[in-house]
Amino acid sequence: MTDRLRATSSSGIGCKGKERVAAIAGHICPIAGGPGDREGDRGGGGGGGEVSRFDEVSLLAAMASEEVHCAPISAWAKLAQAPEDPILGVTVAYNRDPNPVKLNLGVGAYRTDEGKPYVLHVVRRAEAALVGDRSRNKEYLPIVGLAAFNKLSRALAFGADHPAVLSNRIATVQCLSGTGSLRVGAEFMAQHYHTPVIYVPVPTWGNHNKVFPKAGLKLLTYRYYDPATRGLNFAGMIDDLQAAPDGAVILLHACAHNPTGVDPLPEQWDAIRQVIRAKRQLPFFDSAYQGFASGDLDVDAYSLRSFAADGGEMALAQSFAKNMGLYGERVGALSMVCATPEAARLVEGQLKLVIRPMYSSPPLHGAAIVATVLGDEKLFQEWKVELKGMADRIIDMREKLYQALVARGTPGNWTHILKQIGMFTFTGLNKTQVDFMREKYHVYMTGDGRISMAGLSTSTVPRLANAIDDAVRNVA
Ligand code: PGU
């Protein structure tokens, strides 16, 4: 109890009479209810000190009195009900559904053809090696994370013998998966980049729209997807990049664009790069699917390697959630490719100042797994085989779903299911159709009509095809 409270509570104000109690209760409840109640009673200005002392006295009196039975009221009682996340909320709704045949195609997480989560064999082996190594401990990592992990992640993205890698022009810090890498990169740019404005494609992964403004960047958009062709609006994209201010940050999906599955061709990437470089804009790559798009790590790195090859500066947020199946381990890296080694050194120093007050240092286990797999030639080769196996299964699901719709004569052209790249198909189904499929078939997908092909299996394709067929024929 503070001295002030002690003084006032002993002054006899805490009366137990019926009227007094009613008066006290009348004050206590609004206080606990938070701002917005009895604003006049507690308002600032000259009388503020008096009023707040009375509130404290009332509270003490209430606590001491057996006659006051004010229901407990939380300081957060009047919070607005938060909406579920548009992607992760799909899993919440799915988990609540008691129907045994329910199917979750919402979140982008790989499943086996038996519909089960998959822990890669190379991950199991790396973990076994780590657990068996008694020389290992659980000490804190440095702020920038595990050095071997950073070096190997950088090499995986850019190539081990890339000039930017060899000349120490890249500052890499381990972060909390792809999202954490984006956030740390965005915080850094908000503080240290001369044009704190970022352009994202329309549409984009929903969390981009939240991460960047939260970090203090102004969010703007460029055209990307053309619903009419279900392909890239290349001319629109180029026009919008041209019209964006010089120096702006441009968010690019390195491969397997989420949610559309539509990527620029290599020659289109070259044209995009020329515009961005001519305008001295800063490309910020989000690479959440390297190896998952084509099944080949190098092919999927075309976009970011071509940008890195021209010597210009860029940023890269890298995730190992999908390609190594380490979703919940939260393993990722932020790499800032700088014009000079000296700039890279300075950038790394400032990144540490961003990270330290946020989460101090990153977790060890997942990074150690990745470093073990990438650092061991045999495990690395085995990983590539497993990765290709996952990518191929998704491609097989595309073929099977397409054939199933053709077999049903489902109205419309479904060739985009075959053409789109990576984990997702952007079906073109609207929100009403999505809701209908959830209601009638217990098939769960995001409201924008995106389905995770990685969640589909041979046995569930017919069910999905029936649901789509019914929705397309009977729901506008
Ligand atoms: N960037 C893109 C383009 C992504 O699709 C995702 C994950 C991330 C970053 C972040 O991944 P990390 O897990 O932080 O490494 N998108 C998935 C997963 C669910 C989600 O929204 O986080 C998805 O289903 O879109």
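Residue numbers count from 1 along this sequence. Predicted model, so just to flag it, every value in this text is computed and none were measured. When a ligand or atom number is given, it counts from 1 through the structure's own listing order.
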Plane angle bin for Trp269 and Phe307 - parallel if under 30°, tilted between 30 and 60°, otherwise perpendicular: perpendicular

Under 4.0 Å from a heavy atom of Ala321: give me the atoms of ligand 1 that qualify, with their elements. 13 (O), 15 (O)

So does Gly295 get a backbone contact from the side chain of Lys388, meaning a donor-acceptor N/O pair under 3.5 Å? no

Counting non-hydrogen protein atoms only, what is the nearest one to atom 17 (C) of ligand 1? Give residue, atom name and distance. Lys322 NZ, 2.8 Å

Can Asp469 and Arg408 be counted as an ion pair, charged N to O under 4.0 angstrom? no

Is it the side chain, the backbone, both or neither of Val107 that has a heavy atom closer than 4.0 Å to ligand 1? both

Check: Leu217 and Met189 side chains under 4.5 Å, non-hydrogen atoms: yes

Evaluate whether atom CD of Gln381 has more than 12 neighbouring non-hydrogen atoms of other residues, nucleotides or ligands under 6.0 angstrom away. yes

I'd like to know if Lys400 pairs up with Asp113 as an ion pair, taking the criterion as any Lys NZ or Arg NE/NH1/NH2 lying under 4.0 Å from an Asp or Glu carboxylate oxygen. no

Min N/O separation Asp286 to ligand 1 under 3.5 Å: yes

Which of parallel (below 30°), tilted (30 to 60°) and perpendicular (above 60°) describes Phe212 and His208? parallel

Using a strict cut-off of 4.0 Å, indicate which atoms of ligand 1 neighbour a heavy atom of Arg450. 23 (C), 24 (O), 25 (O)

Taking 4.0 angstrom as the limit, do Asp296 and Lys384 come out as a salt bridge? no

Which residue and atom name correspond to the protein heavy atom nearest atom 13 (O) of ligand 1, and how close is it? Arg330 NH1, 2.9 Å

Pick out which of Arg450, Glu84, Arg438 makes a side-chain contact (heavy atoms from CB on, under 4.5 Å) with Val90. Arg438

Around Lys214, counting heavy atoms of other residues, nucleotides and ligands shown, do more than 12 lie under 6.0 Å from its NZ? no

Nearest non-hydrogen protein atom, atom 21 (O) of ligand 1: Trp205 NE1, 2.9 Å

Nearest-neighbour protein heavy atom for atom 12 (P) of ligand 1, which is reported as residue plus atom name and distance: Ser177 OG, 3.3 Å

The answer for which part of Tyr327 has a heavy atom under 4.0 Å from ligand 1 is neither

Checking the N or O distance criterion of under 3.5 Å, is ligand 1 in contact with Gly108? yes

Does Gln318 approach ligand 1 within less than 4.0 angstrom via side chain, backbone, both or neither, non-hydrogen atoms only? neither

Of all the heavy atoms in Phe320, does at least one lie under 4.0 Å from an atom in ligand 1? no

Where does Thr179 meet ligand 1, judged by heavy-atom distances below 4.0 Å: at the side chain, the backbone, both, or neither? both

Output yes when the distance from some N or O of ligand 1 to some N or O of His253 is under 3.5 Å, and no in every other case. no

Mind checking whether Gly178 has an N or O less than 3.5 Å away from an N or O of ligand 1? yes

